Amino acid sequence: MTKDTDPAVDRDAALRRIRTWLWIFIVCLVLSGLTAFPLESETRWLASAIDGSGVGGHWPALAGRAAQVRDGIAETNARYPFLAYGTDWLAFAHLVIAAAFWGPLRDPVRNVWVIRWALLACAGVLPLALVCGPLRGIPLYWRFIDMSFGVVGAVPLLIVLRAVRRLEWSRAVTVPNGFTAPAPVR
């Protein structure tokens, strides 16, 4: 058997690919979680950036919405600061979900259920935005932005799932006569 056909080389490459994509997903989850803490200062910065860059002149609806969100968060925090505790929990949930990927980083085949579960969560973003968005007065274009997080999040997870399936098959048992038995399905 040559080095090019050695299953161990393929497994190593597959593991590197899986771990790289998982780390990208984890970092994005952590960043998303951390940005849920300072919403008031972030929305103040965003509204200022839109106004200062001239983008607001080209898209006045976007500038108006950014100002409305900035003012709404500031007023809510001034009158009802306890409501921000909900976004603190949102941030915490992102960090906890990111921690759940420790298992797939260590053994992606054994913990493939975490990847499948995360794909279901990404898919769940779509009906949530479509159903709850109109109930909360979220503009249609913003619902598409929200839905894009589920779609974009699913991309690395699908790449990982495909690589895990290949890795699972590479772990198949090879018998002396050359027969390769498939890996057990989980």
Side-chain angles (χ1 to χ4, degrees), residues 11 13-43 45-46 62 65-66 68-70 72-73 76-77 80 82-171 182-186:
R11 284 195 298 271
L15 276 172
R16 274 193 307 278
R17 181 180 172 133
I18 288 167
R19 288 180 177 139
T20 298
W21 282 107
L22 285 175
W23 274 114
I24 290 169
F25 190 80
I26 290 167
V27 166
C28 289
L29 267 175
V30 168
L31 290 175
S32 179
L34 293 177
T35 60
F37 284 115
L39 286 181
E40 187 171 350
S41 55
E42 288 173 344
T43 55
W45 173 84
L46 178 65
L62 178 64
R65 184 65 178 179
Q68 180 186 29
V69 171
R70 175 200 61 211
I73 289 175
T76 301
N77 285 347
Y80 310 104
F82 57 87
L83 289 177
Y85 192 52
T87 56
D88 294 342
W89 279 105
L90 171 71
F92 176 73
H94 278 77
L95 300 176
V96 170
I97 292 167
F101 285 89
W102 180 252
L105 279 172
R106 292 187 53 140
D107 187 347
V109 173
R110 177 187 237 176
N111 295 292
V112 69
W113 67 271
V114 175
I115 309 304
R116 291 183 179 130
W117 167 80
L119 278 164
L120 285 173
C122 286
V125 169
L126 304 177
L128 178 78
L130 289 172
V131 171
C132 295
L135 297 174
R136 304 289 185 213
I138 306 300
L140 181 62
Y141 71 88
W142 196 263
R143 284 181 259 156
F144 282 113
I145 292 170
D146 287 341
M147 289 186 287
S148 75
F149 283 94
V151 174
V152 170
V155 170
L157 294 173
L158 288 168
I159 293 169
V160 166
L161 185 60
R162 185 174 180 196
V164 168
R165 286 181 184 150
R166 287 184 182 152
L167 184 62
E168 186 175 32
W169 282 104
S170 76
R171 287 187 176 178
V185 178
R186 292 188 172 121

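Below, all heavy atoms of this structure are taken into account, side chains as well, without hydrogens, waters or symmetry copies. What you see is a predicted model, and the numbers here were worked out from it, not measured in a lab.
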(message) For the CZ atom of R19 and the CZ atom of R106, what is their distance to the nearest 0.5 Å?
(response) 9.5 Å
(message) How close do G153 and C122 get, counting heavy atoms only, and between which atoms?
(response) C-SG, 3.7 Å
(message) By the side chain to side chain donor-acceptor pair (under 3.5 Å) test, which pairs, at least two apart or in different chains, include something from residues 138-157?
(response) W142-D146
(message) I need the minimum non-hydrogen distance between V152 and P156, along with the two atoms involved.
(response) O-CD, 3.0 Å
(request) Output all residues satisfying ring-ring contact (aromatic ring centres under 6.0 Å, His included) with W23, sequence neighbours left out; order by chain, then residue number. (result) none
(request) With sequence neighbours left out, write down each residue that passes side-chain contact (heavy atoms from CB on, under 4.5 Å) with L120, or none if nothing qualifies. (result) none
(request) Identify, with sequence neighbours excluded, every residue that meets side-chain contact (heavy atoms from CB on, under 4.5 Å) alongside L161. (result) V112, I115, R116, L119, R165
(message) For S41, give me all partners under side-chain contact (heavy atoms from CB on, under 4.5 Å), at least two apart in sequence or on another chain.
(response) P38, R44
(request) With sequence neighbours left out, write down each residue that passes ring-ring contact (aromatic ring centres under 6.0 Å, His included) with F92, or none if nothing qualifies. (result) W89
(message) Applying side-chain hydrogen bond (donor to acceptor under 3.5 Å, both in side chains), can you list everything that pairs with Q68, at least two apart in sequence or on another chain?
(response) R65
(message) Counting neighbours of OH on Y85 that are heavy atoms of other residues, nucleotides or ligands and sit closer than 6.0 Å, is the number greater than 12?
(response) no
(request) Identify the heavy atoms of P108 and I18 that sit nearest to each other, and give their distance. (result) CB-CG2, 3.8 Å
(request) Answer whether the closest heavy-atom distance between the side chains of V69 and L46 falls below 4.5 Å. (result) no
(message) I need the full list of ring pair (Phe, Tyr, Trp, His ring centres under 6.0 Å) pairs touching residues 101-126, with sequence neighbours left out, sorted by first then second residue.
(response) F25-F101
(request) Quick one: pull up CD1 in I97 and CD1 in I26 and give me the separation to the nearest 0.5 Å. (result) 12.0 Å
(message) Tell me every residue that passes side-chain contact (heavy atoms from CB on, under 4.5 Å) with N77, counting only those two or more places apart in sequence or in another chain.
(response) E40, I73, A84
(message) So, using side-chain hydrogen bond (donor to acceptor under 3.5 Å, both in side chains) as the criterion, who are the partners of T43 when residues are at least two apart?
(response) none
(message) Walk me through whether V125 and V151 qualify under side chain to side chain contact (heavy atoms under 4.5 Å, CB included).
(response) CA-CA 9 Å; V125 169; V151 174; over 6 Å; no
(message) Can you list everything that forms a side-chain hydrogen bond (donor to acceptor under 3.5 Å, both in side chains) with D88? Sequence neighbours excluded, please.
(response) none
(message) If you compare all heavy atoms of L157 against all heavy atoms of A118, which two are closest, and at what distance to 0.1 Å?
(response) CD1-CB, 3.6 Å
(message) With side chain to side chain contact (heavy atoms under 4.5 Å, CB included) as the test, pick out the partner of V27 among V30, L31, L29.
(response) L31
(request) Using a cut-off of 6.0 Å, state whether more than 12 heavy atoms not belonging to F149 lie near its atom CZ. (result) no
(message) Distance check, rounded to the nearest 0.5 Å: L90 atom CG versus T35 atom OG1?
(response) 8.5 Å
(request) Name all pairs fulfilling the side chain to side chain donor-acceptor pair (under 3.5 Å) condition that reach into residues 90-101, sequence neighbours left out, sorted by first residue then second. (result) S32-H94
(request) Give, for atom CG of L105 and atom CG of N111, the distance between the pair rounded to the nearest 0.5 Å. (result) 9.5 Å
(request) Check whether any side-chain N or O of R110 sits under 3.5 Å from a backbone N or O of P104 as a donor-acceptor pair, and report yes or no. (result) no
